[in-house]
> 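First, the structure itself, so that you have it in front of you.
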Amino acid sequence: MDKIKKDKYLALAAFIALGCIWGSNFLYMRLAAQYISPIQVVFLRVVLATIPIVAFGFARKAFKKWHFKYWYHFLVMSLLAAVIYYYCFVMGSHLLYSGIAGSISGSTPLFSFILGLIFLREEKSSALKILGLIIGMLGIILLAKPFNAEITATTWEGVLYMIIGSISFGASFIYAKKYISPLQISGLALTSYQLVGASFILLILTPFHGILNILHDRTATIGLVLGLSVLGTGLAFLIYYFIIDKMGAVKAASVTYIPPIVALIVGATLGKEPIGWLDIAGVLLILLGVYFLKKK
């Protein structure tokens, strides 16, 4: 097998692995939030991922002195793409079934499109993209089940948290495209600065009383440390930048199609969560809407 084919298959394997890692994160978040508060889950997730990422950054000599004059941009990214995003997703996974939370997370590109129209001049609308936006929003409505008499205020709160988290994550892409990308800083360095900034913010915000309660359950502990931190945050960022390098940014961004499907499957099988046909229809509508948005 020649090197080109080997790199192609390696990139494809990394692409699938990343989708599966991100899709399974919602169950880990739900499990961990049963023992410690959501903000504590986020703190441990970020801090435990920061250490190996920063160490890898030093080993690769990714950090440059001139980077730090843009510290305020890194701080904004820390808030949008880590603190707010992670916290809202943990809250959503805690209040909803993990499969439903993961399905709603697939709506991030929908909100990126809306924000792009507002803040980016080069973002253009079209009839197909508007149709995709409408279809995607219908998918969110199906997952929220507004006409189901059994739906409680807690369910609506969970859906709202997932939407806010998706908006925050979507906003991070717009901010990065407008202010970060022109700086030509490596993905490894950006990830490190983002996680370090988030660690400091969470260090101030997080109450530590009871944080060791996570150790009461082995499955929740392993899920938090390995699933959320090492794999879902640290390794996931490295894989993401690897597939961007090998496949290009457009193809790499398509990885967002995988997590909602994986989240539903993992939630139904490992989490024993009840998943109905409306839930499946909802996630398919979101993915179809995102597909239309990405069409040229």
Side-chain angles (χ1 to χ4, degrees), residues 7 11 14-15 17-18 21-22 25 39 42-89 108-109 111-112 115-116 118-123 165-206 228-253 255-256:
D7 286 348
F15 182 90
L18 181 60
I21 288 171
W22 276 347
N25 278 352
I39 192 70
V42 178
F43 173 78
L44 291 175
R45 172 181 186 171
V46 170
V47 170
L48 293 175
T50 300
I51 298 170
I53 285 290
V54 171
F56 187 60
F58 276 115
R60 295 294 298 269
K61 298 181 180 180
F63 311 130
K64 310 297 179 184
K65 288 183 179 179
W66 65 269
H67 291 175
F68 298 103
K69 65 181 177 180
Y70 301 107
W71 63 270
Y72 48 94
H73 286 318
F74 306 146
L75 187 62
V76 173
M77 288 297 293
S78 295
L79 285 168
L80 293 177
V83 178
I84 298 173
Y85 159 55
Y86 285 155
Y87 177 74
C88 287
F89 273 23
T108 295
F111 297 110
S112 291
L115 293 170
I118 298 172
F119 296 106
L120 297 177
R121 292 181 180 178
E122 62 268 31
E123 185 69 61
S166 296
I167 292 173
S168 182
F169 196 36
S172 74
F173 287 110
I174 304 303
Y175 192 90
K177 186 172 183 178
K178 190 169 185 178
Y179 298 109
I180 304 295
S181 295
L183 302 179
Q184 297 294 304
I185 298 175
S186 72
L188 177 56
L190 289 173
T191 299
S192 299
Y193 301 149
Q194 177 180 304
L195 290 177
V196 168
S199 295
F200 279 112
I201 294 170
L202 290 165
L203 188 63
I204 296 171
L205 297 178
T206 305
L228 281 180
S229 296
V230 177
L231 297 178
T233 305
L235 183 62
F237 274 120
L238 296 180
I239 293 177
Y240 185 59
Y241 288 115
F242 171 77
I243 63 176
I244 286 178
D245 180 58
K246 298 297 182 182
M247 304 175 70
V250 174
K251 288 185 178 179
V255 74
T256 54

> Under a 4.5 Å cut-off applied to non-hydrogen side-chain atoms, are N25 and F89 in contact?
no
> Which distance, rounded to the nearest 0.5 Å, do you find between the CD1 of I167 and the CZ of F111?
4.5 Å
> Please test L202 against V83 for side-chain contact (heavy atoms from CB on, under 4.5 Å), starting from the C-alpha separation and ending with a verdict.
CA-CA 7 Å; L202 290 165; V83 178; 4.1 Å; yes
> Would one find more than 12 heavy atoms of other residues, nucleotides or ligands at under 6.0 Å from atom CZ of F58?
no
> If you measure from OG on S172 to CG on L115, what distance do you get to the nearest 0.5 Å?
10.0 Å
> Residues in ring-ring contact (aromatic ring centres under 6.0 Å, His included) with F173, at least two apart?
F169
> Under the side-chain hydrogen bond (donor to acceptor under 3.5 Å, both in side chains) rule, collect the residues that match up with Y87, sequence neighbours excluded.
none
> What are the two closest heavy atoms between I53 and G234, and how far apart are they?
CD1-O, 3.4 Å
> Grab the two heavy atoms, one from K64 and one from K61, that are nearest each other, plus how far apart they are.
NZ-O, 3.2 Å
> Identify, with sequence neighbours excluded, every residue that meets ring-ring contact (aromatic ring centres under 6.0 Å, His included) alongside Y179.
H73, Y175
> Anything under 3.5 Å between a donor and an acceptor, one on a side chain of residues 180-201, the other on a protein residue two or more places apart or in another chain? List them.
residue : atom : partner : partner atom : Å
S181    : OG   : A176    : O            : 3.2
Q184    : NE2  : S181    : O            : 3.3
S186    : OG   : A189    : N            : 3.2
T191    : OG1  : G187    : O            : 2.8
S192    : OG   : L188    : O            : 2.9
Y193    : OH   : H67     : ND1          : 2.6
S199    : OG   : T50     : OG1          : 3.1
S199    : OG   : L195    : O            : 2.8

> Would you name the heavy atoms of F63 and V54 that are closest together and state the gap between them?
CE1-O, 3.7 Å
> Any idea which heavy atoms bring A236 and W22 closest together, and the distance?
CB-NE1, 3.4 Å
> Do V230 and L48 come close enough that some side-chain heavy atom pair is under 4.5 Å?
no
> Just how far is it from atom OG1 of T233 to atom CG of L44, taken to the nearest 0.5 Å?
11.0 Å
> Got a sec, which residues hit side-chain contact (heavy atoms from CB on, under 4.5 Å) with I51, two or more places apart in sequence or on another chain?
none
> Can you sort out the partners of S168 under side-chain contact (heavy atoms from CB on, under 4.5 Å), two or more places apart, ordered by chain and number?
L80, I84, Y85
